[in-house]
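All figures in this text were calculated on a predicted structure; none of them were measured in a lab. Note that ligands are numbered from 1 as they come in the structure, with each ligand's atoms numbered from 1 the same way.
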Amino acid sequence: MEIKEKSLEYAPGLEGVVACRTRICQIDGQAGKLYYAGYPIEDLAQNSTFEEVCFLLWNQRLPRHDELENLEKIFRENRSLPQEVIAFLELAPHTAHPMDALRTIASLLSCFDINLEKSPEANLQRAIFLTARFPTIVATFHRLRQNQKPVLPHPSLGFAANFLYMLFGKEPTPNQAKVMDAALILHADHEMNASTFASLVTASTLSDIYSAVASGIGALKGPLHGGANEAVLKMLMEIADPANVESYVDQALTKKVKIMGFGHRIYKNYDPRARIFKEYARRLSERTKFSRFFKINEKLEEVMQAKKGQHGIFPNVDLYSGIVYHQLGIPADLFTPIFAIARVSGWTAHILEYWQENRLFRPNALYEGPAPRAYVSMGQR
Ligand code: ACO
């Protein structure tokens, strides 16, 4: 039988390549619109909760009242970590980046999963348990590295409020809880981004969901992706004053250094999530001494609009999220772990969906090396 070669086209960074079909998330990059299963992100951020959005991503429909109550209950009942995991976090170097701790524990949790069942139902349950535990992992590691006792999960607080409670050891105000809840909603999913794709590549080998999620965490960490929120805060500290923005941008662009929090592979317009974060950042900044960062960001927007706006480079989700977290008193190296706390819902939703019609990811590479040649023995090189 003759097997015909398909014509192959090289797409650097897989730009413009459609890797799978999905019913979970849609982006209109030209218009700057984002939808989860058809619902605009603005509506969800304002009216929904992170728990409800998790249900939406996993089921592609909003839950009924009893279904939401049930998911909230399962989340609350599964927030605790096995003692051995806490012991591991105690022993791990407390100088480690919290993303490294999170990636390691996500992987370690697979060793405690004695259920061999691989059905969609069992994998959805694993997705729920992982999502329930991510805030506890991050908060526990953060408390331990500060020589503080971990705070046990609160038996009745909602997802976002409980995370802040475990982090700081006191209940957040309703406003703080709402801001964190909205932040989790805004980060829950984003179609075929690098970390979701990394998760799917691992999942497509029919490996397990823990391995796939660990792949996602690793990809999210990089500053071109989720790590940009931490990098934005570093940049704001370096700029220090709105008066320094113009020269900072000029120098960076001359050296071809990217300005963190700007640009996106898909959005060629203002990222809708950045708009919502900006509003939260504005409201929080009005009341505190950190408003300097907000003013630097506004100036950055103005300068970048003038220099790069015509190239489709606009603020992305990471430009203002860091200011919001900073206002909540959260240290910069927890910004990307917070992204992961939210995104594990999206990763697992895509993994579960992809497994319904799984096909191994196996692209090609364009070979540019030497033509076939004879081995040269050591003495003749
Ligand atoms: N600052 C300055 N110039 C930029 C920026 C930026 N932030 N982003 C893109 N450009 C320029 C590039 O230098 C390039 O210019 P050139 O054609 O003259 O060489 C052009 O715009 C196209 O850029 P690419 O790097 O090809 O765009 P790509 O789609 O590969 O990159 C990315 C997207 C990685 C997000 C990029 O915009 C970037 O590095 N941004 C800064 C990091 C960041 O904020 N990442 C978070 C993204 S959102 C998220 O993942 C959650």
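At a heavy-atom cutoff of 4.0 Å, ligand 1 is surrounded by P223, L224, H225, A228, L253, K258, I259, M260, G261, F262, G263, H264, R265, M304, I313, N316, V317, D318, F339.
Taking the six-membered ring for Trp and the full ring otherwise, F129 and F75 have centroids separated by 6.0 Å or more. Remark: aromatic rings of H190 and Y267 are close, center separation under 6.0 Å.
Grouped by direct or indirect side-chain proximity (heavy atoms under 4.5 Å, Ile/Leu/Val/Met/Phe/Trp/Tyr only), V151 sits with L157, Y165, M166.
W347 contributes no side-chain N or O that, together with a main-chain N or O of A212, makes up a donor-acceptor pair within less than 3.5 Å.
The list of ring-ring contact (aromatic ring centres under 6.0 Å, His included) pairs with a residue in residues 232-254, not counting sequence neighbours, is empty.
Here P120 pairs with nothing under the side-chain contact (heavy atoms from CB on, under 4.5 Å) rule; sequence neighbours left out.
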